[in-house]
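Structure first, then comments.
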Amino acid sequence: MVFTKLGAVFAWLGLVLGALRVVSALLLLFFTPDPFAAAKHYFNAANTGEMINEGLCAILLGISLGIAVEISRAIQKT
C-alpha cells in the first residue's frame with residue numbers, strides 16, 4: 001500500500017515535470033533569439049530537441065508507472 005501511494009506520487013511528478021520540460025523547450029524555441037544557447041545556459045541541454053526528448057521520456061515513464069500503480073490498486077481490491 002505504501003509503494004502504491006509512493007508510485008502514484010512519482011507517476012504524477014514524472015508526468016508534470018515532463019510536460020513542463022516540453023513546454024519550456026517550446027517556449028525557448030519560439031520566443032528566444034538563440035534557443036540553442038538558451039537551452040544550454042538554463043537547462044544544460046545541447047539544444048531544444050534534447051529537452052523535448054527528455055520531457056517526452058519523463059512523460060512516458062510517468063504514464064508507465066501510473067499504469068503499474070493502477071494494476072497494483074486493482075490487485076489490492078480483490
Side-chain angles (χ1 to χ4, degrees):
M1 183 142 123
V2 174
F3 290 113
T4 303
K5 290 181 182 180
L6 192 61
V9 169
F10 279 116
W12 276 108
L13 277 174
L15 206 65
V16 169
L17 292 177
L20 217 90
R21 183 89 169 180
V22 170
V23 168
S24 298
L26 292 174
L27 286 174
L28 284 179
L29 185 62
F30 292 117
F31 294 113
T32 57
D34 188 10
F36 297 124
K40 182 71 173 167
H41 184 265
Y42 294 116
F43 295 101
N44 197 22
N47 53 33
T48 53
E50 181 182 343
M51 288 178 62
I52 292 172
N53 187 28
E54 290 172 354
L56 290 176
C57 286
I59 290 171
L60 184 64
L61 183 67
I63 290 171
S64 301
L65 187 57
I67 290 170
V69 165
E70 289 297 323
I71 292 171
S72 173
R73 286 185 182 154
I75 290 173
Q76 283 178 358
K77 290 180 182 179
T78 60

Show me the donor-acceptor pairs within less than 3.5 Å that the side chains of residues 63-70 make with the rest of the protein, sequence neighbours left out.
| from | atom 1 | to | atom 2 | distance (Å) |
| --- | --- | --- | --- | --- |
| S64 | OG | L60 | O | 2.9 |
| E70 | OE2 | R73 | NH1 | 3.4 |

TODO: Under 4.5 Å between side-chain heavy atoms, chaining through other members, with only Ile, Leu, Val, Met, Phe, Trp and Tyr counted: pull out the rest of the cluster around M51, sorted by chain and number.
DONE: L28, Y42, F43
Task: Hydrophobic cluster membership, F31 vs L26, 4.5 Å side-chain cutoff - done: yes
TODO: Would you mind listing the cluster partners of L61? Hydrophobic ones only (ILVMFWY), side-chain contacts under 4.5 Å, chaining allowed.
DONE: none
- [ ] Enumerate the residue pairs fulfilling side-chain hydrogen bond (donor to acceptor under 3.5 Å, both in side chains) with a member in residues 27-37, sequence neighbours excluded, ordered by first and then second residue.
- [x] none
TODO: Of all the heavy-atom pairs spanning I59 and V22, show the shortest one and how long it is.
DONE: CD1-CG2, 4.4 Å
- [ ] Is it possible for you to say whether I52 and F30 belong to one hydrophobic cluster, with membership spreading through side-chain heavy-atom contacts below 4.5 Å?
- [x] yes
Task: Rounded distance (nearest 0.5 Å) linking atom CG of L20 with atom CG of L27 - done: 9.5 Å
Task: Minimum-distance pair of heavy atoms, taken over all atoms of T48 and F36 - done: N-CD2, 4.2 Å
Open item on the list: Ignoring hydrogens, what is the shortest heavy-atom contact between G18 and A58? Give both atom names and the distance.
Closed with: CA-CB, 3.8 Å
Task: Residue pairs involving residues 37-61 (criterion salt bridge (Lys or Arg N to Asp or Glu O under 4.0 Å); sequence neighbours excluded) - done: R21-E54
Task: For L6, side-chain contact (heavy atoms from CB on, under 4.5 Å) partners two or more places apart - done: F10
